[in-house]
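These notes concern the structure reproduced below.
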Amino acid sequence: QVQLVESGGGLVQPGESLRLSCAASGSILDISTMAWYRRVPGKEREQVASITFDGVTAYIDAVKDRFTISRDNYKNTLSLQMNSLNPEDTAVYYCNMRCRTGPSWGSWSNYWGQGTQITVAS
C-alpha cells in the first residue's frame, strides 16, 4: 500500500558528506512525522533525527550541528544531509514515515524504508 524507497548510502572517508533521500509512494492521504533511524549490528535501532509536518526538527546529540533533516510535503520525500561524518556514524539507516491511508483515525500507520548502508572508514 505504501512504499518507502531510500537512496544515497555508500562508503565515505571521515570528514566527508553524504545525503540520504527517501521517497514515499502509494495510497497516502497524509504524512505526519518523518524520521531517520540507524542500526549498528548488536545494538538497538535509534532515532537519529525527526521532523514534523510543520518542519519542527529534533536530533540526537551525536549528530547535532552535523546532520540536517528536511522534507518536501508536496513530493512526500525526506532527506538527511550528513556532514563531517565519522566512523561512529557507520550503520544501516532507515527512513520512517507515519502515513494515513484511509479516512479514519485508525488508518494511520508507521512505514519503513528498506535501509541503506553507510560506512565511514579511511
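Any value given below was found using the heavy atoms of this structure, including those in side chains, with hydrogens, waters and symmetry copies removed. Each residue takes its place number in the sequence, starting with 1.
With a 4.5 Å cut-off on side-chain heavy atoms, R71 and N73 count as touching.
In terms of heavy-atom proximity, A35 sits nearest to I69 at CA-CD1, 4.3 Å. Contact record, Y59 with F67: CE2-O, 3.3 Å, taken as the closest heavy-atom pair. Pairing each heavy atom of C99 with each of V2, the nearest pair is SG-CG1, 4.3 Å. Between L4 and Q114, the shortest heavy-atom distance links the atoms O-OE1, 3.5 Å. In terms of heavy atoms, L78 sits closest to C95 at CD2-CB, 4.0 Å.
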side-chain contact (heavy atoms from CB on, under 4.5 Å) assessment of W108 paired with D30: CA-CA 9 Å; W108 286 97; D30 289 300; 3.6 Å; yes
From CA spacing to verdict: side-chain contact (heavy atoms from CB on, under 4.5 Å), N86, R66: CA-CA 10 Å; N86 58 60; R66 296 190 299 121; 3.5 Å; yes
Stepwise side-chain contact (heavy atoms from CB on, under 4.5 Å) check, I118 with R38: CA-CA 10 Å; I118 292 177; R38 66 186 182 188; over 6 Å; no
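Side-chain atoms of R98 never come within 3.5 Å of backbone atoms of S32 as a donor-acceptor pair (strictly under, hydrogens ignored). With hydrogens and angles ignored, the 3.5 Å screen pairs no side-chain donor or acceptor of Y94 with any backbone N or O of R39.
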May I have the list of side-chain donor-acceptor pairs in residues 47-58 shorter than 3.5 Å, sequence neighbours left out?
unit_1: Q47; atom_1: NE2; unit_2: Y37; atom_2: OH; d: 3.1
unit_1: T52; atom_1: OG1; unit_2: D54; atom_2: N; d: 3.4
unit_1: T52; atom_1: OG1; unit_2: G55; atom_2: N; d: 3.4
unit_1: T52; atom_1: OG1; unit_2: V56; atom_2: N; d: 3.0

Considering only distance and modelled atom types, tabulate donor-acceptor pairs under 3.5 Å from the side chains of residues 12-26, sequence neighbours left out.
unit_1: E16; atom_1: OE1; unit_2: Q13; atom_2: N; d: 2.9
unit_1: S17; atom_1: OG; unit_2: N83; atom_2: OD1; d: 2.9
unit_1: R19; atom_1: NH1; unit_2: Q81; atom_2: OE1; d: 3.2

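One hydrophobic cluster holds both L80 and I60 under the rule that ILVMFWY side chains link at heavy-atom gaps under 4.5 Å.
Summarising the geometry, atom OH belonging to Y111 is positioned 4.0 Å from atom OG1 belonging to T101; distances are rounded to the nearest 0.5 Å. Distance check: N76 CG to M34 CE gives 5.5 Å after rounding to the nearest 0.5 Å. Considering OG1 of T119 and CG of L11, their distance stands at 6.0 Å, rounded to 0.5 Å. To the nearest 0.5 angstrom, M82 atom CE is 7.5 Å from D89 atom CG. The CH2 atom of W112 lies 3.5 Å from the CZ atom of R45; values are rounded to the nearest 0.5 Å.
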